[in-house]
Structures are given as C-alpha cells and as structure tokens.
Amino acid sequence: MKEMMILKEKLSTKNLRRLCEENATKDRVLVIHSEDVPYESYFPNAYTVTKNENVKADLHVDLYYKSLDKINGEEYNFILCTGLLEHIPDPQRIIDDFYRILKPEGKLVIAASAVSSFHEGPNDFFRFTPYGFKLLFSQWKNINIKGSSLPFETIAILLQRILLQSKVKHRIIRLSIELLCLFLPNLDRYVVKQYSTRNPKNQETEIDSMLPYEIFAVAIK
C-alpha cells in the first residue's frame, strides 16, 4: 500500500474484518490461506494452513491445497478460508475437503472473488456468484450467502485495485482517484433495491448486492 497517498489499507479488507468480527470465537479454528485479513484478534486459537512458504504457519501445503488430506476427518468445528477458492482449479474438490474435515454441525466461513481484477496469475481461475455457491455447497445442511459490498463500494474497490496493479502517471491523477474511492461508497445509500436481472424487477429477483466484490458465505455441515 506504499503507493497509496491517502488510503492506508485495501478497501476490501474492511469487509473481511467485518466477516471475521461477526463470526469471532475463542474456540479452536482451522484458518486456511487467510493472509488477506488480520484474523488473529478474532480467532486467537487458530491452526493456520498456507501454500506460502514465506508466511509463518502451522502447516505448509502444495499450491492447490491437495495435501489437506494430512488433516484428519471431522477434526474441527470451524474453518475460515478467504482469498483462496478462485485460485483452485477444482473448487468442488476443496469444498468437499472442508466438508470432510468439519465435525457434524461444523461451520465454514468462506470468502471468494465475485468481481475483481485478475491477480496471482496464472493461478487465477474463477469468479463466483451466489448461484455458483449454491451448487458447490449442495450437500451442506445450510448455507447463508451474501455479497461483501454494495455496488458503488465495489466500484471504489476496483478503482483502488487499478492503482495498486497499474502504473498511473502523475500524482494528481492518483490522488484524484483515491478521493473518488472515498466518495463513491456514499452513493450506495441511494440504492433502494437491487435485482439479479434487468427484468423482471420483482420480489423473486431481489438480491442483497448485484455487484459484490466478493461472495461471503457461512455454511453448516
């Protein structure tokens, strides 16, 4: 974030913090590839798993987390996983692994990209919708799905990502875009309802966010 002039952290991190805060627990938690959010204060008793060898963790695994089979079945009541699913070429396989690892009635809190820039290429394979999540979690007992951000906030997050992943000439241009990032989320207060389609706009097509940056889900085994 050293290239930012005003913004001191990624705008998307605020929403990930909220997700963690809503599900915080002092119980034992399996934290998988969640370096994109400061989860430590919310889950102080975490057992951490990552593919990143330069990140301190309790278990280091392969690029696509196939070695999660080192973790026993029905060992955890809670799993946190953020910023990973879009980087797995066979996402159903890792969702099924989470299912295996969780105890009955165990909870998975997961976040995955819905609208975002390409990142961590070439291992960036998917973007997800609430409907795609319902397919992935079809065998689970219950799943609560929501968008991480409202549409104008998402646009602000994407503008910030442009600054982070591009060379932009002139400090005044960068500063102007940052100021726009701060202003745009205020427009969400004027969005009364959102729909999953242009037509028909009715109760059946209402959705909590038509353009979320990420999909958040809490799934119960």
Side-chain angles (χ1 to χ4, degrees), residues 10-23 29-39 42-43 46 48-52 55 61-66 68 76 78-102 106-151 153-158 160-161 164-165 194 196 207-221:
K10 291 189 293 184
L11 295 173
S12 57
T13 301
K14 177 189 69 174
N15 296 321
L16 286 170
R17 286 179 184 270
R18 186 182 71 248
L19 179 68
C20 289
E21 183 177 5
E22 290 172 353
N23 294 279
V29 174
L30 179 61
V31 175
I32 298 179
H33 189 86
S34 294
E35 294 96 33
D36 49 352
V37 57
Y39 61 83
Y42 305 106
F43 308 106
T48 56
V49 179
T50 183
K51 67 183 178 183
N52 297 320
V55 174
V61 295
D62 61 287
L63 180 63
Y64 298 137
Y65 290 74
K66 292 182 179 180
L68 285 179
Y76 286 87
F78 193 120
I79 296 175
L80 171 73
C81 178
T82 67
L84 174 62
L85 198 61
E86 63 267 29
H87 303 292
I88 301 296
D90 47 352
Q92 186 67 67
R93 185 262 308 166
I94 198 168
I95 295 299
D96 292 345
D97 234 352
F98 294 157
Y99 190 89
R100 176 188 62 81
I101 292 168
L102 281 172
K107 179 167 71 172
L108 167 67
V109 175
I110 188 167
S113 292
V115 178
S116 72
S117 57
F118 302 146
H119 58 285
E120 293 188 28
N123 297 299
D124 187 8
F125 304 108
F126 299 103
R127 297 296 178 267
F128 295 93
T129 69
Y131 317 104
F133 259 36
K134 287 179 180 178
L135 286 175
L136 288 172
F137 289 89
S138 59
Q139 71 167 324
W140 293 61
K141 181 178 180 180
N142 183 50
I143 182 169
N144 181 24
I145 304 169
K146 63 181 179 180
S148 68
S149 53
L150 296 174
E153 182 183 6
T154 299
I155 294 171
I157 293 171
L158 290 172
Q160 185 190 40
R161 292 294 303 209
L164 289 172
Q165 292 184 230
Q194 298 177 71
S196 62
I207 195 168
D208 75 312
S209 181
M210 57 175 274
L211 190 70
Y213 184 72
E214 291 180 290
I215 297 294
F216 289 169
V218 178
I220 305 298
K221 178 176 175 178

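Quick note: numbers below take in every heavy atom, side chains included, and nothing from hydrogens, waters or symmetry partners. All values derive from a computational prediction rather than experimental measurement. Numbers here are sequence positions counted from 1.
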Criterion side-chain contact (heavy atoms from CB on, under 4.5 Å) against Ile110, the qualifying member of Phe137, Phe128, Phe216
Phe137

Closest approach of Leu80 to Cys20 (non-hydrogen atoms, all atoms of both residues)
CD2-SG, 4.3 Å

Are the side chains of Phe43 and Thr48 in contact, using a 4.5 Å heavy-atom criterion?
no

Checking the side chain of Ser149 only, and the main-chain atoms of Tyr213 only, is there a donor and an acceptor separated by less than 3.5 Å?
yes

Verify the neighbour count for atom CZ of Phe118: are there more than 12 heavy atoms of other residues, nucleotides or ligands below 6.0 Å?
no

State the CG-OH distance between Asp90 and Tyr64, to the nearest 0.5 angstrom.
9.5 Å

Minimal heavy-atom distance between His87 and His119, with the atoms involved, is NE2-NE2, 3.1 Å

Does the side chain of Asn52 reach to within under 4.5 Å of the side chain of His33, using non-hydrogen atoms?
yes

Which atoms form the tightest heavy-atom contact between Glu35 and Val55, and what is the distance?
CG-CG1, 3.8 Å

Electrostatic pair Asp96-Arg93, nearest N-O below 4.0 angstrom
no

Could you tell me how the ring of Tyr99 sits relative to the ring of Trp140: parallel (under 30°), tilted (30 to 60°) or perpendicular (over 60°)?
perpendicular

Can you find a heavy atom in the side chain of Ile95 that is under 4.5 Å from one in the side chain of Leu85?
yes

For the student: nearest non-hydrogen atoms of Ile88 and Tyr65, plus distance
CD1-CD1, 4.2 Å

Within the side chain of Thr13, is there an N or O that forms a donor-acceptor pair under 3.5 Å with the backbone of Leu11?
no

If I take atom CD1 from residue Ile101 and atom CG from residue Leu30, how far apart are they, to the nearest 0.5 angstrom?
6.0 Å

Could you tell me if the side chain of Tyr42 sits less than 4.5 Å from the side chain of Arg17, heavy atoms only?
yes

Measure the NZ-NZ distance between Lys141 and Lys107 for me, rounded to the nearest 0.5 Å.
13.5 Å

4.5 Å side-chain heavy-atom contact, Glu22 and Val218
no

Does some side-chain heavy atom of Phe98 sit less than 4.5 Å from a side-chain heavy atom of Leu68?
yes

What are the two closest heavy atoms between Ala114 and Pro212, and how far apart are they?
CB-O, 3.4 Å

Using the side-chain hydrogen bond (donor to acceptor under 3.5 Å, both in side chains) rule, take Glu214 and Asn15 through it: C-alpha gap first, then chi angles, then the decisive distance, then the call.
CA-CA 9 Å; Glu214 291 180 290; Asn15 296 321; over 6 Å; no

Within the side chain of Glu86, is there an N or O that forms a donor-acceptor pair under 3.5 Å with the backbone of Asp124?
no

For the student: nearest non-hydrogen atoms of Ser209 and Leu150, plus distance
OG-CA, 3.9 Å

Quick one: CG on Leu158 to CD on Glu153, what's the gap to the nearest 0.5 Å?
11.0 Å

Side-chain touch Leu84/Ile94, heavy atoms, less than 4.5 angstrom
yes

Whether Gln194 side chain and Asp208 backbone form a donor-acceptor pair below 3.5 Å:
yes

In this structure, NZ of Lys10 is separated from CG of Leu164 (nearest 0.5 Å) by 8.0 Å

